[in-house]
Undergrad: 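The structure's right below; bear with me while I get my questions together.
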Amino acid sequence: MSTDTRATAHHDLHAPVIDWFDEHARDLPWRRPEAGAWGVMVSEFMLQQTPVSRVLPVYEQWLARWPRPADLATESAGEAVRAWGRLGYPRRALRLHAAATAIALSHGGEVPRDHAKLLALPGVGEYTAAAIGSFAYGQRHSVLDTNVRRVFARAVTGVQYPPTATTAAERRTALALLPDDKGTAARWAAATMELGALVCTARGPECVRCPIAASCAWRLAGSPEHTGPPRRGQTYAGTDRQVRGKLLAVLRDAVDPVPQSALDAVWDEPVQRARALDGLVADGLVEPLADGVYRLPV
DNA sequence: AATTCGTGGGT
DNA sequence: TACCCAAGAAT
């Protein structure tokens with residue numbers, strides 16, 4: 001294969017994927033123009049490790065209640081945790097509240113456009129900063145989420161799954177494929193994510209529906225199964241995380257501060273229960289009051 | 001670099 | 001039933 005052919009092959013992915021996206025993209029609320037940068041930012045926080053279907057109703061309520069960052073910033077962190085509901089990983093609610101506060105105080109109430117300023121916000125990492133810049137502001141960024149990483153692992157590298165953590169090689173691949181024009185790059189980012197979410201899925205990829213199946217390196221190699229150590233499953237039953245979840249659920253659902261006895265009822269093992277509660281307090285998710293009474297943070 | 005951090009639906 | 005996995009970040 002000549003180098004000329006390889007460069008062309010990369011370029012040939014853009015049009016089919018973007019055309020496919022134009023036809024099959026889901027109509028998600030954070031993709032509508034009225035969502036604005038704040039809507040995009042809220043959605044990105046909620047979508048960190050949480051499926052779209054579960055985010056949708058919470059997102060709508062959140063934006064209706066807090067249409068701008070400053071609106072959220074005037075509320076207590078505990079109200080953010082309560083409104084987060086059962087999305088999971090409630091520290092994200094705390095970070096979103098803290099980010100909104102920083103935006104209100106230090107960025108004139110507007111979600112920053114600058115990548116470094118985005119990265120400096122609590123809860124905003126490499127992926128989320130790129131996603132906000134790309135989706136909200138049409139900038140040119142490699143947006144490397146789990147979907148895009150899987151699409152590139154298959155279509156470009158020829159393996160079933162990407163590495164556990166994002167590697168330098170993946171960043172190089174993403175950058176090499178990123179369209180030069182920023183508007184096209186933003187469409188490409190959304191399109192590759194959508195392709196991974198809807199077609200090139202982790203379990204059962206539907207290659208018959210894939211716009212780049214003919215050039216997919218993994219498929220051309222015969223769709224080889226993942227080799228190497230099995231990827232770590234997240235065990236959950238019996239962990240501190242489960243206990244934290246049960247404890248926080250009690251506090252979320254209570255209007256008034258909760259006595260120790262109500263928390264003790266959710267888990268029978270006292271040492272683990274105490275450790276979980278201490279962890280919640282240390283994280284700022286729970287506020288201890290006098291004599292064994294607890295509440296969400298004010 | 002490896003762990004920790006929730007929750008629920010799909011298979 | 002168990003297991004997998006879902007727009008990651010922080011430490």
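So you know, we letter chains A, B, ... as the sequences are listed, proteins then strands, and number each from 1.
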Undergrad: Please report the distance separating the P of B:dG6 from the corresponding atom of C:dT11, rounded so that it comes out in whole Å.
TA: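 Here B:dG6 and C:dT11 have their P atoms 14 Å from each other.
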Undergrad: So which of A:Arg244, A:Arg92, A:Arg95, A:Arg241 actually passes salt bridge (Lys or Arg N to Asp or Glu O under 4.0 Å) with A:Asp283?
TA: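 That would be A:Arg244; it is the only one of A:Arg244, A:Arg92, A:Arg95, A:Arg241 passing the salt bridge (Lys or Arg N to Asp or Glu O under 4.0 Å) with A:Asp283.
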Undergrad: Using whole Å, report how far OH of A:Tyr89 lies from P of C:dG8.
TA: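 A:Tyr89 atom OH is separated from C:dG8 atom P by 10 Å.
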Undergrad: Measure NE2/A:His226 against P/C:dC5 and give the value in whole Å, please.
TA: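 That distance rounds to 10 Å.
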Undergrad: Using atom CG of A:Leu119 as one end and atom P of C:dA9 as the other, report the distance to the nearest whole Å.
TA: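 Spelled out: CG on A:Leu119 to P on C:dA9 is 9 Å.
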Undergrad: If you look at every strand shown and take non-hydrogen atoms under 4.0 Å, does A:Gln242 touch a base, only sugar-phosphate, or nothing?
TA: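 Since no nucleic acid heavy atom lies under 4.0 Å of A:Gln242, the category is nothing.
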Undergrad: May I ask you to say what A:Arg275 touches in the nucleic acid, namely base, sugar-phosphate or nothing, with a heavy-atom cut-off under 4.0 Å?
TA: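 Here A:Arg275 touches no strand at all.
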Undergrad: Quantified in whole Å, what is the P atom distance between nucleotide B:dT11 and nucleotide C:dA7?
TA: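 The answer is 15 Å between these two P atoms.
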Undergrad: What nucleotide among B:dT4, C:dA7, C:dA6 has an atom nearest to a side-chain atom of A:Arg31?
TA: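 Closest nucleotide among those given: C:dA7.
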Undergrad: Name the nucleic acid region contacted by A:Phe45, choosing base, sugar-phosphate or nothing; use a 4.0 angstrom heavy-atom cut-off, strictly under.
TA: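 Contact class for A:Phe45: none.
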Undergrad: Please work out if A:Gly125 contacts a base, only the sugar-phosphate, or nothing of the nucleic acid, heavy-atom cut-off 4.0 Å.
TA: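 The residue A:Gly125 makes sugar-phosphate contact but no base contact.
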Undergrad: Rounded to whole angstrom units, what separation is found between the CD atom of A:Gln49 and the P atom of C:dC4?
TA: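 Taking atom P of C:dC4 as the reference, CD of A:Gln49 is at 15 Å.
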Undergrad: As a test of reading the structure: which of B:dG8, C:dA6, C:dA7 is closest to the side chain of A:Ala202, going by heavy atoms?
TA: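 Out of B:dG8, C:dA6, C:dA7, the nucleotide with an atom closest to A:Ala202's side chain is C:dA6.
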Undergrad: Keeping the roles fixed (side chain from A:Glu170, backbone from A:Thr167), state whether a donor-acceptor pair exists under 3.5 Å.
TA: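 Side chain of A:Glu170 to backbone of A:Thr167, a donor-acceptor pair under 3.5 Å: yes, one is there.
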Undergrad: Just how far, in rounded Å, is P of B:dC5 from CG of A:Leu94?
TA: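 It works out to 15 Å between those atoms.
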Undergrad: What is the nucleic acid contact for A:Leu248, judged by heavy atoms within less than 4.0 Å: base, sugar-phosphate only, or nothing?
TA: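 Nothing, no heavy atom under 4.0 Å.
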Undergrad: So, is A:Tyr236 close to the B:dT7 phosphate, meaning a side-chain N or O under 4.0 Å from OP1 or OP2?
TA: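 Looking at the OP1 and OP2 atoms of B:dT7, one of them is under 4.0 Å from a side-chain N or O of A:Tyr236.
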Undergrad: Would you measure the distance from the C1' atom in C:dA10 across to the matching atom in B:dA1 and give it in whole Å?
TA: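 To the nearest whole Å, 13 Å.
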Undergrad: Could you tell me whether A:Arg149 contacts a base, only the sugar-phosphate backbone, or nothing, with contacts defined as non-hydrogen atoms closer than 4.0 Å?
TA: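 Nothing, no nucleic acid heavy atom in range.
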Undergrad: Applying a 4.0 Å non-hydrogen cut-off, can you work out what A:Val148 is touching in the nucleic acid: base, sugar-phosphate, or nothing?
TA: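 Nothing, no heavy atom under 4.0 Å.
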Undergrad: Under 4.0 Å, heavy atoms only, any strand: does A:Thr128 hit a base, just the sugar-phosphate, or nothing?
TA: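 If one applies the 4.0 Å heavy-atom cut-off, A:Thr128 turns out to touch the sugar-phosphate alone, with no base involved.
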Undergrad: Are any of A:Arg244's side-chain N or O atoms less than 4.0 Å away from OP1 or OP2 of B:dG6?
TA: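 Answer is yes, contact under 4.0 Å.
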Undergrad: Any chance the side chains of A:Tyr127 and A:Gln48 put a donor and an acceptor closer than 3.5 Å?
TA: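 Checked: A:Tyr127/A:Gln48 side chains show no N/O donor-acceptor pair below 3.5 Å.
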Undergrad: How would you label the contact of A:Thr50 with the nucleic acid (heavy atoms, under 4.0 Å): base, sugar-phosphate, or nothing?
TA: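 Answer is base: heavy atoms of A:Thr50 come under 4.0 Å of a base.
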Undergrad: How is A:Leu144 classified with respect to the nucleic acid when contacts are heavy atoms under 4.0 Å: base, sugar-phosphate, or nothing?
TA: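 Contact class for A:Leu144: none.
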Undergrad: Of the candidate nucleotides C:dA7, B:dC5, B:dG9, which contains the atom at the shortest distance from the side chain of A:Arg203?
TA: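 Among the listed nucleotides, the one closest to the side chain of A:Arg203 is B:dG9.
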Undergrad: Choose from C:dA9, C:dA6, B:dG6 the nucleotide whose nearest atom is closest to any side-chain atom of A:Pro51.
TA: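 Closest nucleotide to the A:Pro51 side chain: C:dA6.
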Undergrad: Just so I know, are the side chains of A:Trp66 and A:Val42 near enough to count as touching, which here means a heavy-atom distance under 4.5 Å?
TA: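 Not touching, per the 4.5 Å side-chain cut-off.
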Undergrad: Looking at every strand, decide which applies to A:Tyr161 at a 4.0 Å heavy-atom threshold: base, sugar-phosphate, or nothing.
TA: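 Contact class for A:Tyr161: sugar-phosphate only.
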Undergrad: Donor-acceptor pair under 3.5 Å: do we get one between A:Arg241's side chain and the base of B:dG6?
TA: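 Between B:dG6 and A:Arg241, which were checked side chain against base, a qualifying N/O pair under 3.5 Å is present.
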Undergrad: Measure CD/A:Glu44 against P/C:dA9 and give the value in whole Å, please.
TA: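 The distance from CD of A:Glu44 to P of C:dA9 comes to 9 Å, rounded to the nearest Å.
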Undergrad: Counting the atoms with a prime plus P, OP1 and OP2 as sugar-phosphate, which does A:Trp84 contact under 4.0 Å by heavy atoms, base, sugar-phosphate, or nothing?
TA: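 The answer is nothing, as A:Trp84 stays clear of every strand by at least 4.0 Å.
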